[in-house]
Amino acid sequence: MLPYPSGDLHIGHWYAMTPSDARARFQRMQGYNVMFPIGFDAFGLPAENAAIKRNVHPKEWTYHNIENMRNQLRTMGAMWDWEREAVSCDPGYYRWSQWFFLRLYKHGMAYRKQSPVDYCPNCNTTLAREQVWGEDRHCERCETAVIKKDLEQWFFKITDYAEELLDFSKLDWPERLQLLQTNWVGRSEGAHVTFHTEAGDVLLVFTTRPDTLWGATFMVLAPEHPLVAKVTSAAQKTEVEAYVAATVRQTDIQREAADKEKSGVFTGGYATNPVNGEYIPIWIADYVLLTYGTGAIMAVPAHDERDFAFARAFGLEVRPVIQGTDELAPPDGATMMAPSMHSGMMINSGPLSGTPADQAVARTIAWLEENGSGTGAVNYRLHDWLISRQRYWGTPIPMTYCDGCGVQPVPEEQLPVLLPDDIEWRPTGESPLKYHPTWKHASCPACGGAAIRETDTMDTFMCSSWYQYRYLSPSYDEGPWDPQEFSHWMPVDTYTGGIEHATMHLIYTRYFTKALRDMGLLDFDEPMLQLRNQGIILGEDSEKMSKSRGNVVAPDELVAQYGADAVRAYLMFFARWDQGAPWSGSGIEGVSRWLQRVWAIATRITDAETGVAAPDRLARDLRRKVHQTIQKVTHDMENFEFNTVISALMELTNALNAARKAGLVGSEVYAQGVDTLLKLMAPVTPHIAEELWGILRRPYSVHQQSWPVADPAVAAAEEITLVVQVNGKVRDRLTAPADISAEAAEERALASENVRRHLHGREPKKVIYVPGRLVNIVQ
RNA sequence: GCCGAAGUGGCGGAAUUGGCAGACGCGCGCGACUCAAAAUCGCGUACCCUUAGGGUGUGUGGGUUCGAUCCCCACCUUCGGCACCA
């Protein structure tokens with residue numbers, strides 16, 4: 001975890017962190033060597049906003065918040081390893097973020113590119129595609145609708161890893177998360193097909209349906225496509241330029257709106273279809289996106305909905321090239337009402353006519369490759385990661401620009417490129433780095449002449465892409481990590497976090513580790529092997545918690561009222577951890593009462609006499625319950641099923657209470673039951689468990705005890721309730737020995753008075769016996 | 001539109017994955033203690049039939065099975081992701 005130091009610990013932090021801590025403590029008691037680190041994701045925009053609004057320096061604001069959060073985190077009683085704390089805005093940290101940037105640059109994985117990028121006009125910065133959300137394309141942080149800007153920016157080549165990012169075989173990650181990442185990468189198989197313009201330029205298209213190539217009746221280019229100007233005829237020039245200008249002015253939202261009504265303009269140019277040499281008109285339309293595939297398509301209106309709508313809107317030819325298996329005659333392009341999506345047989349397709357649907361794509365690709373007109377191809381929706389941010393409070397990108405030598409990396413030994421402290425804010429909200437009088441002036445590492453520093457800083461997801469490695473040795477200064485620590489601990493065994501990171505942090509950090517591997521810096525493929533997501537806590541009104549809604553639950557107040565242990569236990573109890581739920585304030589009373597009952601049980605034992613002889617049967621029952629609870633709690637802790645951990649602990653408490661009333665206080669079995677309860681509670685409620693452990697004069701500390709091990713023989717039930725059904729309906733319940741034979745069970749079931757009544761004196765047709773569970777008599 | 005997840009008492013949720021539906025807790029009701037209240041403790045608490053006993057019940061409608069919260073089909077609702085992706 002690397003929380004952002006917002007300055008106030010939220011109930012959501014508690015919900016995410018306390019079960020994770022409990023599980024870490026559980027594993028430590030099981031004998032594992034557990035590292036449970038913490039640190040802060042300390043760069044980012046809120047610090048700058050605070051600076052502009054309240055005139056505090058971002059550094060001061062951030063470190064003040066960190067101090068505050070450290071204190072709040074301490075109230076949780078988590079076993080954080082504070083000696084390994086890492087703070088991403090410390091120069092000792094961001095020096096290595098810069099170092100990684102230089103490594104990536106040297107390996108060709110960081111590059112600069114001019115392109116239309118998403119820009120948040122409120123945050124005054126560009127954003128990565130992953131940070132633009134929803135139908136209305138809004139900024140992930142401030143929810144402002146983004147706009148497009150044509151800028152030169154730094155990118156990381158995450159697309160080189162598109163295929164590998166789809167491989168989850170080494171990971172124990174939730175299916176749901178794998179699916180989100182898989183969809184985000186967006187792999188599709190098809191072909192690249194080479195068309196040619198009249199001037200002889202190559203016009204490459206990507207298609208998933210090469211089998212429909214003979215049905216291509218026109219081409220469509222994205223309005224921003226580089227060939228647009230060249231293919232446009234003199235007659236169409238005015239119209240084309242007007243359309244391009246209009247498209248560029250539109251936001252993505254406008255472009256995708258209007259109920260997907262098709263618009264477009266004929267360029268006056270033509271292209272040759274490689275499969276039949278036919279000349280087909282080239283159009284431009286905003287439904288073709290420059291950012292996907294090659295930014296150009298072959299349009300097959302007979303077999304594609306968008307192309308069909310476009311063809312009908314502009315009166316273009318529709319030519320079917322597939323006859324569906326259930327179609328008696330080939331569809332008529334002139335009259336068909338919708339594109340044909342049937343599978344069947346290729347028609348009107350020259351040498352491939354007659355090819356059945358299941359072979360059509362492969363045979364067409366083979367034909368294209370033989371004829372040098374195309375190749376099989378895989379396309380991904382994933383884009384390279386835009387990491388430039390036009391902000392002050394971030395890691396400076398360690399690059400310079402020299403008039404003579406161009407882009408030059410800052411030499412490694414000059415790192416870190418420090419952020420200047422003496423800064424002034426512009427009323428426009430622009431980055432002070434751009435306007436700093438001296439900071440950006442540097443000497444060129446190549447020629448020694450004057451050079452200008454890059455004034456953009458890095459996306460903060462860069463900091464969090466490698467923080468797990470910095471936790472190993474946060475003050476190490478000979479490298480990003482101490483190699484000895486690294487080989488002992490890495491990769492991360494268990495990682496917990498929110499699902500909202502699926503296509504951001506969690507994809508970036510996977511990419512980052514793979515890139516480091518390929519640069520020889522580490523030797524595994526995945527940064528975190530096991531991952532589990534917690535859900536989110538909503539306000540009591542089922543809405544997202546926010547100050548403006550007034551539905552925020554303050555953990556500090558709950559801790560003051562009920563104590564940290566009760567808050568911890570309640571957060572683990574009140575909902576399924578992986579699902580989250582709306583907050584409910586009344587339930588915490590129940591957990592608080594439970595802890596008071598535990599207190600009463602454990603403190604009464606000291607006053608009681610020892611050496612009490614417990615009746616055999618009661619002793620056995622209690623011992624069984626104890627061992628069953630060990631089994632249940634161990635299993636559920638392993639599996640992140642924390643709510644049933646608490647209910648099992650409550651059940652054991654209730655059993656101990658009943659045993660106390662039955663006079664078992666002072667007996668050995670009772671004392672062992674209490675000891676076990678305290679050990680099982682230690683990960684969940686570390687303070688109370690320790691306190692009671694001390695009161696009972698057990699050897700310090702409860703947290704250093706080994707986790708109890710269940711004896712299956714003791715946990716096994718001696719007697720079972722045998723359910724007796726007649727035709728699947730419960731008619732009786734019998735108490736029987738656990739190892740009752742099938743014959744004996746059937747005999748006893750048939751002897752039941754109520755069963756006999758329901759049999760109405762007739763013979764059963766069949767009797768089903770499920771060992772240890774039920775007898776079903778079928779008539 | 002496409003992909004995915006989830007629908008169980010008044011509420012949060014449980015059910016060893018095909019075998020007692022509703023564990024545990026909240027809330028509520030009744031009782032004990034108290035002059036009274038709070039706290040605590042005890043009992044009860046899916047719905048319906050006045051009871052013995054029975055009927056119904058896990059979003060809706062079908063199906064498979066001796067038996068379905070669990071498997072299959074169709075549908076409804078809610079939430080999440082993607083979205084003119086070629």
Side-chain angles (χ1 to χ4, degrees), chain A residues 133-135 137 174-184 186-188 190-191 205-209 212 220 222 255-263 285-289 291-300 304-307 309-310 379-381 499-500 502-503 542 570 573-576 578-579 581-591 593-594 596-597 600 631-632 635 641 643-654 657 661 720-733 754 757-758 764-779:
Chain A
W133 285 9
E135 215 166 330
R137 312 309 295 153
E175 288 291 330
R176 180 158 152 246
L177 202 131
Q178 296 182 31
L179 194 76
L180 286 173
Q181 293 201 342
T182 302
N183 291 341
W184 188 257
R187 183 182 199 274
S188 57
V205 302
F206 174 75
T207 175
T208 54
R209 294 295 305 274
T212 61
V220 187
R255 192 159 164 175
E256 283 161 17
D259 281 335
K260 299 183 168 67
E261 217 167 273
K262 293 289 176 284
S263 71
D286 62 6
Y287 83 91
V288 173
L289 309 172
T291 48
Y292 186 78
T294 62
I297 62 161
M298 62 173 209
V300 185
D304 180 281
E305 286 195 24
R306 297 149 303 179
D307 298 345
F310 193 83
N379 195 62
Y380 302 91
R381 212 178 62 94
I499 190 98
E500 70 275 13
T503 57
S542 298
Y570 182 58
F573 179 63
F574 96 108
R576 283 185 54 152
D578 59 338
Q579 284 186 193
W583 176 257
S584 153
S586 56
I588 193 168
E589 296 281 352
V591 169
R593 276 175 218 153
W594 165 56
Q596 279 165 42
R597 283 199 299 275
Q631 285 181 329
K632 174 83 180 152
H635 173 271
E641 291 163 15
N643 55 341
T644 47
V645 166
I646 311 299
S647 59
L649 293 171
M650 286 174 170
E651 281 189 52
L652 179 57
T653 307
N654 294 346
N657 234 340
K661 281 174 201 156
I720 52 162
T721 303
L722 198 59
V723 173
V724 185
Q725 298 181 331
V726 176
N727 293 327
K729 296 201 174 188
V730 180
R731 297 303 178 190
D732 206 353
R733 292 185 172 92
N754 201 33
R757 244 167 22 88
H758 284 274
K765 248 188 240 156
K766 184 155 66 155
V767 180
I768 289 150
Y769 174 60
V770 182
R773 293 198 188 276
L774 60 70
V775 178
N776 189 11
I777 301 161
V778 187
Q779 241 187 351

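Residue numbering restarts at 1 for every chain, and letters A, B, ... go by the order of the sequence lines.
Atom pair A/Gln596:CD and B/rA39:C1' shows a separation of 9 Å (rounding to whole Å applied). One can place CD1 of A/Ile499 at 10 Å from C1' of B/rG81, the figure rounded to the nearest angstrom. In this structure, A/Arg733 places its CZ atom 16 Å from P of B/rG19, rounding to the nearest Å. When rounded to the nearest whole Å, the span between CG of A/Asn776 and P of B/rG67 equals 8 Å. Protein atom NZ of A/Lys661 is 11 Å distant from nucleotide atom C1' of B/rU40, rounded to whole Å. With rounding to whole Å, A/Asp578 atom CG is found 17 Å from B/rG80 atom P. Atom CZ in A/Phe573 sits roughly 8 Å away from atom P in B/rC26 (whole-Å rounding). With rounding to whole Å, A/Glu651 atom CD is found 11 Å from B/rG25 atom C1'.
Nucleic acid contact class of A/Val723 (heavy atoms, under 4.0 Å, all strands): base. Note on A/Trp184: only backbone sugar-phosphate atoms sit closer than 4.0 angstrom, heavy atoms only; bases stay farther off. The residue A/Phe310 sits apart from the nucleic acid: no heavy atom pair falls under 4.0 Å. Residue-level contact check: A/Asn654 touches the backbone only, with heavy atoms under 4.0 Å from sugar-phosphate atoms and none from bases. A/Glu305 comes within contact range of no nucleotide atom at all, as no heavy-atom separation falls under 4.0 Å. Nucleic acid contact class of A/Thr207 (heavy atoms, under 4.0 Å, all strands): sugar-phosphate only.
Residues from residues 765-774 of chain A lying near RNA chain B, meaning a heavy-atom separation below 4.0 Å, are A/Lys766, A/Ile768, A/Val770, A/Arg773, A/Leu774 in numerical order.
Nucleotide B/rC66 forms a pair with B/rG19, judged by Watson-Crick or G-U wobble geometry with both contacts under 3.5 Å. Shown here, B/rC82 forms a base pair with B/rG1; the pair counts as Watson-Crick or G-U wobble because both key distances fall under 3.5 Å. Base pairing of B/rU50: no nucleotide in any strand meets the Watson-Crick or G-U wobble criterion (both distances under 3.5 Å). In this structure, B/rC43 and B/rG29 make a Watson-Crick or G-U wobble pair, each of the two defining distances being under 3.5 angstrom. Pair assignment for B/rG7 gives B/rC76, based on Watson-Crick or G-U wobble hydrogen-bonding distances that are each under 3.5 Å.
Sequence order on RNA chain B of the closest nucleotides to A/Leu180 and A/Gly728 puts A/Gly728 first from the 5' end. With the nearest nucleotide of RNA chain B identified for both A/Gly293 and A/Gly590, A/Gly590 has the one nearer the 5' end.
When the C1' atom is used for both B/rU69 and B/rA15, the distance is 9 Å, rounded to whole Å. Straight-line distance between the P atoms of B/rG10 and B/rC49: roughly 16 Å, to the nearest whole Å. B/rA39 and B/rU45: their C1' atoms are spaced 23 Å apart (whole Å). Comparing B/rA68 with B/rG19, their P atoms sit 11 Å apart, to the nearest whole Å. Here the separation of B/rA23 from B/rA74, taken at their P atoms, is 35 Å to the nearest Å. For the P atoms, the distance from B/rC35 to B/rG25 is 31 Å, rounded to whole Å.
For the OP1/OP2 pair of B/rA14 and a distance below 4.0 Å, the side-chain nitrogens and oxygens of A/Asn643 include at least one atom meeting the criterion. Here A/Arg593 reaches the OP1 or OP2 of B/rU40: one of its side-chain N or O atoms lies under 4.0 Å away. Close to B/rC24, at under 4.0 Å from its OP1 or OP2, lies no side-chain N or O of A/Arg576. For B/rA86, the OP1/OP2 oxygens have a side-chain nitrogen or oxygen of A/Ser188 closer than 4.0 Å.
Taking both residues in full, the closest heavy atoms of A/Asp307 and A/Ala299 are given as OD2-CA, 3.3 Å, listed atom of the first, atom of the second, then distance. The nearest pair of heavy atoms linking A/Ile777 to A/Pro764 is CG2-CB, 3.4 Å.
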Let me have a per-nucleotide readout for nucleotides 2-9 of chain B, 5' to 3', with B, S or -, counting only protein heavy atoms under 4.0 Å.
-SS-----
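Each of B/rG12, B/rC82, B/rA86 was ranked by its minimum atom distance to the side chain of A/Ile297; first place goes to B/rA86.
A/Met298 is listed as a side-chain neighbour of A/Thr212, based on a closest heavy-atom distance under 4.5 Å.
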Check nucleotides 54-58 of chain B for protein N or O atoms closer than 3.5 Å to its own N or O atoms and list the pairs.
residue	atom	partner	partner atom	Å
B/rG54	OP1	A/Asn754	ND2	3.3
B/rG54	OP1	A/His758	NE2	2.4
B/rG55	OP1	A/Arg731	NH2	3.2
B/rG55	OP2	A/Arg731	NH1	3.2
B/rU56	OP2	A/Lys729	NZ	3.0

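Within 6.0 Å of CZ on A/Arg381 lie more than 12 heavy atoms contributed by other residues, nucleotides or ligands. Atom CD of A/Gln579 is surrounded by more than 12 heavy atoms from other residues, nucleotides or ligands within 6.0 Å.
A tilted orientation is assigned to the rings of A/Tyr287 and A/Phe310, their planes being inclined by 30° to 60°.
Taking the ring centroids of A/Tyr570 and A/Trp583, they lie under the 6.0 Å cut-off.
Checked against ring pair (Phe, Tyr, Trp, His ring centres under 6.0 Å), A/Phe573 has no partners two or more places apart in sequence or in another chain. In this view, A/Asn754 and A/Arg731, A/Ser752, A/Arg757, A/His758 satisfy the side chain to side chain contact (heavy atoms under 4.5 Å, CB included) rule, not counting sequence neighbours.
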Which donor-acceptor pairs under 3.5 Å do side chains of residues 768-776 of chain A form with protein atoms, sequence neighbours excluded?
residue	atom	partner	partner atom	Å
A/Tyr769	OH	A/Ile740	O	3.4
A/Tyr769	OH	A/Gly772	N	3.4
A/Asn776	OD1	A/Gly728	N	3.0

